[in-house]
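Note sheet for the following structure.
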2 protein chains.
Amino acid sequence: MTNQARGLHAQLLESLGPAITAGEYPPGSVLRTDELAQRFDVSRTVVREAVRVLESMHLVESRRRVGVTVRPTEEWNVYDPQVIRWRLAGADRPRQLRSLTVLRSAVEPVAAGLAAQFATPEQCAELTGRALGMVATSRGRQLDAYLVHDIAFHRVVLRASGNEMFARLGDVVAEVLSGRTRHQVMFEDPDPAAVTLHVQVAEAVREGDAVRAERLTREIAVGALQELDVLAP
Amino acid sequence: MTNQARGLHAQLLESLGPAITAGEYPPGSVLRTDELAQRFDVSRTVVREAVRVLESMHLVESRRRVGVTVRPTEEWNVYDPQVIRWRLAGADRPRQLRSLTVLRSAVEPVAAGLAAQFATPEQCAELTGRALGMVATSRGRQLDAYLVHDIAFHRVVLRASGNEMFARLGDVVAEVLSGRTRHQVMFEDPDPAAVTLHVQVAEAVREGDAVRAERLTREIAVGALQELDVLAP
DNA sequence: GTGACATAAACGTCGTACTTTTTGTTCCCC
DNA sequence: GGGGAACAAAAAGTACGACGTTTATGTCAC
């Protein structure tokens, strides 16, 4: 775990957050700060700080006399990277992975189109480099090295779009991609068609062809969705 | 303000959050908990809780011996509804509004396509009702009533997509739409073409025509972007 | 000049005492 | 007997003071 003891409250958070998002404390259930303090052997101050954070994620609601109640799932801040990480580590990982992939399929094509218009020469170069890296590692069981390039590629596209909302999804995409490689059994080398598409996207962006970049990225997204359909029923 | 004194720490947050997002404390600047406690006349405990929340939003970073330093803008959790609200209330509202509208233009068409496939009969009914409501309030300076229907319409589409990530963007869209109506001077009645498009989207969703629903919603998005280009240079 | 050590500044943690709010209960009056 | 008002208890909120811990920084010796 990334539990580097960056403070007691952070450790507590790393216990409570996953537990709540995993449904261990179902919505509506109540926690009491005293009880938590005792159970985790920390002061109430520490518990309160952790609860404040969970509250800011809309995972729980703290009301006087009542306690800390877990909020219904629909109200959670599911865009919070921390929450995403917790949920991806938990039980309904497949569902989560699907949600995020659908989001990707909506966002990345548009981002690629914008990138074709606004990418700097440096970003174009980086993109081409990453695409070449993907080609170079696409055969011979080098999935880890491939993944690094894949993540970097998508991150550059999102950032090059010039839209900060898109850029911030880089982490999400990284989680999805690495999750896919790490968790789902991928014995085989990546789909050659996908690799080619990445190269072509880099090309389109470099040439400033927004329409083509968008269309190609949409094809990549469709592929990712189909792959998900095959691997997770 | 929605400053209902739900606790001292929340009040402090409502002071610090907007100040930071507005750039009043530029990235890199440091705050000290002692100093804040003194300045706002609260205990350090309260300050620390507020700081914890800001930290979870990645707005600040608290390090020993250094203090609480404001993080660079690119690291902020810009999907946090609270952060969005603060930034929309602040100075760079136009930039923010554009970012969010671009996000909408990417997400909503895909959401509409999914809604056409998965919307329940109740959701179809609600959608049609809202579209009709928009028509009914589209003339004669009833912008407020129109806005209510508009927001509800988009919210239903996002929820009907069946994707929780999309569903959670309902609040964001609501902020964007109400912000547009409230802030930018809209003397005139809404664009009749847009109203018609909404009616047609409701139609397409009801008939399960995903491709048409997506295409029509994309037209709405393009319109929103163009409108933004005209009103904000 | 470099490295080890001392120092102090800031946050981190804790225990305790007090306050506020909500809720449930009891008791009195109608 | 029923309803309403006052009261009691429970749980979180707030405050404070003391001590612990980390770490940037400066100093001193080599």
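Chain identifiers are assigned alphabetically (A, B, ...) following the order of the sequence lines, protein sequences preceding nucleic acid strands; residue numbering begins at 1 within each chain.
- Rounded to an integer number of Å, the gap from B:R32 CZ to C:dG12 C1' is 17 Å.
- Regarding A:R52, its CZ atom lies at a distance of 9 Å from the C1' atom of D:dA12, rounded to whole Å.
- Between the base of D:dT14 and the side chain of A:R48 there is no donor-acceptor pair shorter than 3.5 Å.
- Proximity note for B:E49 (side chain, C-beta onward) versus C:dT13, C:dC11, D:dT14: the nearest is D:dT14.
- Each of A:S43 and B:G67 has a nearest nucleotide on DNA chain C; the 5'-most of these lies closest to B:G67.
- When the options B:L177, B:L143, B:V173 are evaluated for a side-chain contact (heavy atoms from CB on, under 4.5 Å) with B:D150, the one that passes is B:L177.
- Between B:R44 atom CZ and C:dT13 atom P the separation is 11 Å, expressed in whole Å.
- Checked by atom type, the side-chain pair B:H154/B:H149 shows no donor-acceptor distance below 3.5 Å.
- In this structure, A:Q38 atom CD and D:dA12 atom C1' are separated by 16 Å, rounded to whole Å.
- Among the candidates A:V70, A:T21, A:L16, the single residue satisfying the side-chain contact (heavy atoms from CB on, under 4.5 Å) test with A:L59 is A:T21.
- Nucleic acid contact class of A:T45 (heavy atoms, under 4.0 Å, all strands): base.
- Residue contacts for A:L36: at a heavy-atom cut-off of 4.0 Å it reaches no nucleic acid atom on any strand shown.
- With hydrogens and angles ignored, the 3.5 Å screen pairs no side-chain donor or acceptor of A:N77 with any backbone N or O of A:Y79.
- Taking atom CD on A:Q11 and atom P on C:dC14, their separation rounds to 10 Å, with Å as the unit.
- Across the protein-nucleic acid pair, B:E35 atom CD and C:dA9 atom P stand 16 Å apart, rounded to whole Å.
- Summarising the geometry, the separation between NE2 on A:H9 and C1' on C:dC11 is reported as 11 Å, rounded to the nearest angstrom.
- A distance of 10.5 Å separates CD in B:Q117 from OG in B:S161, rounded to the nearest 0.5 Å.
- Take the nearest nucleotide of DNA chain C for B:R63 and for A:R64: the residue whose nucleotide is more 5' is B:R63.
- Between the CG atom of A:L8 and the P atom of D:dG20 there is a distance of 15 Å, given to the nearest Å.
- The phosphate of C:dG12 has OP1 or OP2 within less than 4.0 Å of a side-chain N or O from B:S62.
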